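Worksheet for the structure shown next.
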Amino acid sequence: MLSAVIVGVWTAWYLGLRAGAIAAVATAGALLVAQFVPGASITVYALVLAWCAALYFVIPKIRAGAGWKRQATAIPSQVGNAWRWAKKFLE
């Protein structure tokens, strides 16, 4: 199930948390089914590998072409907002 966590984090990095959670659950379900269906494990692992390769190679090109910009300051700004709110609330 480590593969499901890796796929979920990888997808969340490129597409957002909701898509990452969906990808992680779908991967975990596919891996669980592959344990009981003979011959399905190689197919599931090939699909997981193809999904990760698509995320790595295709998504950045789509973002660059569409003009998307990664919000690298989103988390620090949220932490700063929470910190200011907490200081204001506790004073």
Side-chain angles (χ1 to χ4, degrees):
M1 292 301 154
L2 183 62
S3 299
V5 173
I6 291 170
V7 169
V9 170
W10 193 259
T11 305
W13 178 264
Y14 283 108
L15 300 177
L17 291 176
R18 181 176 291 166
I22 292 169
V25 169
T27 304
L31 289 172
L32 186 64
V33 168
Q35 288 181 351
F36 299 107
V37 177
S41 62
I42 192 74
T43 305
V44 170
Y45 280 112
L47 288 173
V48 167
L49 184 64
W51 175 252
C52 290
L55 285 175
Y56 185 75
F57 291 113
V58 176
I59 297 296
K61 290 182 182 181
I62 291 173
R63 282 186 175 177
W68 288 4
K69 293 185 179 177
R70 183 168 186 80
Q71 295 180 353
T73 61
I75 292 176
S77 68
Q78 293 299 322
V79 171
N81 289 341
W83 183 255
R84 283 191 297 276
W85 179 84
K87 283 175 51 177
K88 181 180 175 184
F89 182 74
L90 294 175
E91 287 180 348

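These values consider heavy atoms only, across backbone and side chains, with no hydrogens, waters or symmetry-generated copies. It should be emphasised that the depicted structure is a prediction, and the values quoted were computed from it without experimental measurement.
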### Task
For A4, check side-chain contact (heavy atoms from CB on, under 4.5 Å) against everything at least two apart and list the hits.
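Partners of A4 by the side-chain contact (heavy atoms from CB on, under 4.5 Å) criterion, ordered by chain and then number, come out as T27, A28.
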
Linked, directly or transitively: [X] and [Y] (ILVMFWY side chains, under 4.5 Å):
X	Y	answer
L15	V9	no
V44	L47	no
F57	V48	yes
L55	W13	yes

### Message
Once side chain to side chain donor-acceptor pair (under 3.5 Å) is applied, what residue pairs with a partner in residues 29-58 remain, sequence neighbours excluded?
### Response
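Every pair satisfying side chain to side chain donor-acceptor pair (under 3.5 Å) with a residue in residues 29-58: T11-W51.
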
### Message
Clusters formed by hydrophobic residues whose side-chain heavy atoms approach within less than 4.5 Å: which one holds L17, and what are its other members?
### Response
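L17 clusters with nothing; isolated.
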
### Query
Which pair of non-hydrogen atoms, one from G8 and one from A24, has the smallest distance, and what is that distance?
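Heavy atoms of G8 and A24 come nearest at CA-CB, 3.7 Å.
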
